[in-house]
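One structure is given below, encoded as structure tokens.
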Amino acid sequence: MSKKQSTSKRGTWQVVVYNDNDHTFDEIIELLVSICGHNTLQAHQCAVIIHNTGEYAVFEDKYYNCSDVYEELLGEGIDVDLRKKT
């Protein structure tokens, strides 16, 4: 389920989207474009990877930028996780 990890906020973080049966490809693509700043092709490729593998890191940056993206996607009902890149 959705969660926010509580570790050091230094370093690179990732926003991971999980596959679900509640959102269409078009909805995911639209959200990745509007929230993550992806272009349509990039968002489509992410949606395919999420569908085929069950999850994918759709955004990577410093903690505060990732936290904003995480909160926006979570607010849209997307099953999402915020984790520190290892």
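Everything numeric here is computed off the predicted structure, so don't read it as measured data.
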Check Cys36 against Leu73 and note the closest heavy-atom contact, atom names and distance. SG-CD1, 4.4 Å

Option passing side-chain contact (heavy atoms from CB on, under 4.5 Å) with Val15 (candidates Asp68, Asp81, Val69): Val69

Taking it one step at a time, do Val17 and Phe59 satisfy side-chain contact (heavy atoms from CB on, under 4.5 Å)? CA-CA 9 Å; Val17 172; Phe59 190 83; over 6 Å; no

Partner set under salt bridge (Lys or Arg N to Asp or Glu O under 4.0 Å) for Lys85, not counting sequence neighbours: Glu60

Distance from Asn21 atom CG to Thr24 atom OG1, nearest 0.5 Å? 12.0 Å

What are the two closest non-hydrogen atoms of Ala43 and Val33, and how far apart are they? CB-CG2, 3.8 Å

Applying the 4.5 Å side-chain criterion to the ILVMFWY set and letting contacts propagate, would Ile29 and Ile35 be lumped into a single cluster? no

Salt bridge (Lys or Arg N to Asp or Glu O under 4.0 Å) with Glu27: which residues, sequence neighbours excluded? none

Please identify which of these residues, Ile50, Val16, Ile78, Val80, meets the side-chain contact (heavy atoms from CB on, under 4.5 Å) condition with Val58. Ile50

Nearest 0.5 Å please: distance from the CG atom of Asp22 over to the CD1 atom of Ile28. 9.5 Å

Determine yes or no for a side-chain-to-main-chain donor-acceptor pair under 3.5 angstrom, with Lys84 supplying the side chain and Arg10 the backbone. yes

Among pairs that include at least one residue of residues 36-55, which meet side-chain hydrogen bond (donor to acceptor under 3.5 Å, both in side chains), considering only residues two or more places apart or in two chains? Glu55-Arg83

Which distance, rounded to the nearest 0.5 Å, do you find between the CG of Leu32 and the OH of Tyr56? 10.5 Å

For the residue pair Leu82 and Ser67, what are the closest heavy atoms and their distance? CD2-CA, 4.0 Å

Between Ser34 and Glu30, is there a donor-acceptor pair closer than 3.5 Å when you use the side chain of the first and the backbone of the second? yes

